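What you see is a predicted model, and the numbers here were worked out from it, not measured in a lab. Side-chain atoms are counted along with the backbone in the values below, which use heavy atoms only and exclude waters and symmetry mates. Here, residue 1 is the first one in the sequence, and each next residue gets the next number.
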Amino acid sequence: ISKGSVTFSGSNISLTGGSFTVDSGASGSFSTNVALGNSTAFAVDGSLDVRLVGGGKAVTKSGTGTLTISDTSSSDYSLTINAGTVVLQRAPSAAGKTLKGMGVNSGGLLQIAADGQRTNGLTVNTGGAAEINANLTAYVNALNGGGNISGGAGSLINVTGGTFNGNITGSGSLAVTSGTFTLSNTSSMTFTIGANGVNNSVSGAVIANFTGSRAFDLSGADKTDGNT
């Protein structure tokens with residue numbers, strides 16, 4: 001798509017190979033499911049909204065624009081973000097199917113924008129970032145990498161393993177529900193103190209190793225005696 005706004009409709013739409021390109025200033029959307037080839041690339045400098053179907057397939061995102069994934073059918077493809085933004089908002093019926101893995105490289109941003117998103121692994125590499133919107137829960141079997149993760153108020157990331165070397169900021173919480181998870185000595189996590197105490201937390205009854213630095217954001221703290 002080189003310019004304007006294009007909507008694709010109908011049935012039996014498939015992307016069998018090559019790269020689907022959306023230029024800067026252009027936009028596109030699919031009103032039906034798109035069947036993936038073994039390896040499908042999206043080069044998006046504008047914006048594109050897709051519904052993907054393809055068990056075991058591989059999806060890559062490049063370009064400075066935004067790819068929004070709004071699946072309504074269950075698929076367990078893998079996702080790699082090399083640049084720009086991917087907004088992940090799979091419907092509950094689709095999100096119940098665990099993605100094979102997600103990777104965010106330098107210059108890439110993953111934005112989790114719907115509840116219950118699941119992946120076997122999330123690697124946020126140095127220079128990459130992941131965000132989870134407020135009041136949402138995501139399930140990550142293994143969290144790795146050295147990039148940046150931020151969470152909105154009331155958000156929760158459930159992890160079951162991995163080693164994270166980067167920075168965790170914002171008001172989101174982390175729960176280690178099984179396995180062994182490590183925040184290494186190069187990592188950092190910020191705890192935001194609100195009017196009624198700590199807004200975010202780390203919880204779990206399994207093995208969690210925290211050897212990095214911890215910071216406390218007191219900018220919103222209640223300074224009344226006995227509260228904070």
Side-chain angles (χ1 to χ4, degrees), residues 58-64 66-67 69 76-88 95 98-114 116-134 136-193 198-219:
V59 176
T60 59
K61 158 70 170 71
S62 62
T64 58
T66 299
L67 173 68
I69 298 177
D76 60 350
Y77 51 83
S78 64
L79 173 64
T80 301
I81 306 169
N82 291 321
T85 300
V86 170
V87 178
L88 191 66
T98 302
L99 292 179
K100 294 223 175 270
M102 294 191 291
V104 186
N105 294 322
S106 180
L109 169 65
L110 170 68
Q111 182 181 0
I112 298 174
Q117 308 299 299
R118 297 173 181 270
T119 177
N120 276 333
L122 172 59
T123 299
V124 184
N125 290 312
T126 302
E131 300 175 353
I132 178 170
N133 289 358
L136 300 181
T137 299
Y139 301 87
V140 178
N141 287 353
L143 178 60
N144 294 291
N148 297 295
I149 295 175
S150 64
S155 65
L156 176 65
I157 300 177
N158 284 280
V159 299
T160 61
T163 299
F164 190 68
N165 307 308
N167 306 308
I168 300 176
T169 61
S171 301
S173 295
L174 188 68
V176 185
T177 56
S178 65
T180 300
F181 175 68
T182 299
L183 284 174
S184 76
N185 57 6
T186 62
S187 70
S188 67
M189 183 169 183
T190 299
F191 293 90
T192 304
I193 310 301
V198 179
N199 285 350
N200 55 330
S201 63
V202 176
S203 62
V206 293
I207 300 173
N209 303 309
F210 301 137
T211 58
S213 63
R214 307 293 166 255
F216 293 87
D217 180 355
L218 304 177
S219 59

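- Lys61 places a side-chain N or O within 3.5 Å of a backbone atom of Ala83 that can act as its donor or acceptor partner.
- Inter-residue side-chain proximity for Leu109 and Ile81 is flagged as unmet; no heavy-atom pair is nearer than 4.5 Å.
- Each of Ile112, Ile149, Thr137 was checked for a side-chain contact (heavy atoms from CB on, under 4.5 Å) with Ile132, and the lone residue meeting it is Ile112.
- The minimum heavy-atom distance linking Leu174 with Phe181 is given by the pair CD2-CE2, 3.7 Å.
- Ser184 and Asn165 form a side-chain donor-acceptor contact under 3.5 Å, judged by distance and modelled atom types alone.
- For the pair Ile157 and Ile168, the minimum side-chain heavy-atom distance is 4.5 Å or more.
- With rounding to the nearest 0.5 angstrom, the OG1 atom of Thr123 is 6.0 Å from the CG atom of Asn125.
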Take Met102 and Val86 through the side chain to side chain contact (heavy atoms under 4.5 Å, CB included) test and state the conclusion after the steps. CA-CA 11 Å; Met102 294 191 291; Val86 170; over 6 Å; no
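- Applying side chain to side chain donor-acceptor pair (under 3.5 Å) to Asn141 and the options Thr177, Thr119, Thr98, Asn120 leaves one that passes, Asn120.
- A pairwise comparison of heavy atoms in Ser171 and Ala153 identifies CB-CA, 3.7 Å as the closest pair.
- Between Phe164 and Ser187, the shortest heavy-atom contact is O-CB, 3.6 Å.
- Atom CD of Gln111 sits about 8.5 Å away from atom OG1 of Thr66, to the nearest 0.5 Å.
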Apply side chain to side chain contact (heavy atoms under 4.5 Å, CB included) to the pair Asn209 and Thr163, showing each step before the final yes or no. CA-CA 9 Å; Asn209 303 309; Thr163 299; over 6 Å; no
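- Of the inter-residue distances, the one linking Leu99 atom CG with Tyr77 atom OH reads 5.5 Å to the nearest 0.5 angstrom.
- A pairwise comparison of heavy atoms in Val140 and Gly121 identifies CG1-C, 4.3 Å as the closest pair.
- For residues 144-160, the set of pairs meeting the side-chain hydrogen bond (donor to acceptor under 3.5 Å, both in side chains) definition, not counting sequence neighbours, comprises Asn148-Asn167.
- Summarising the geometry, atom NZ belonging to Lys100 is positioned 14.0 Å from atom CG belonging to Leu79; distances are rounded to the nearest 0.5 Å.
- When all heavy atoms are compared, the tightest approach of Gly116 to Tyr139 is CA-CE1, 4.1 Å.
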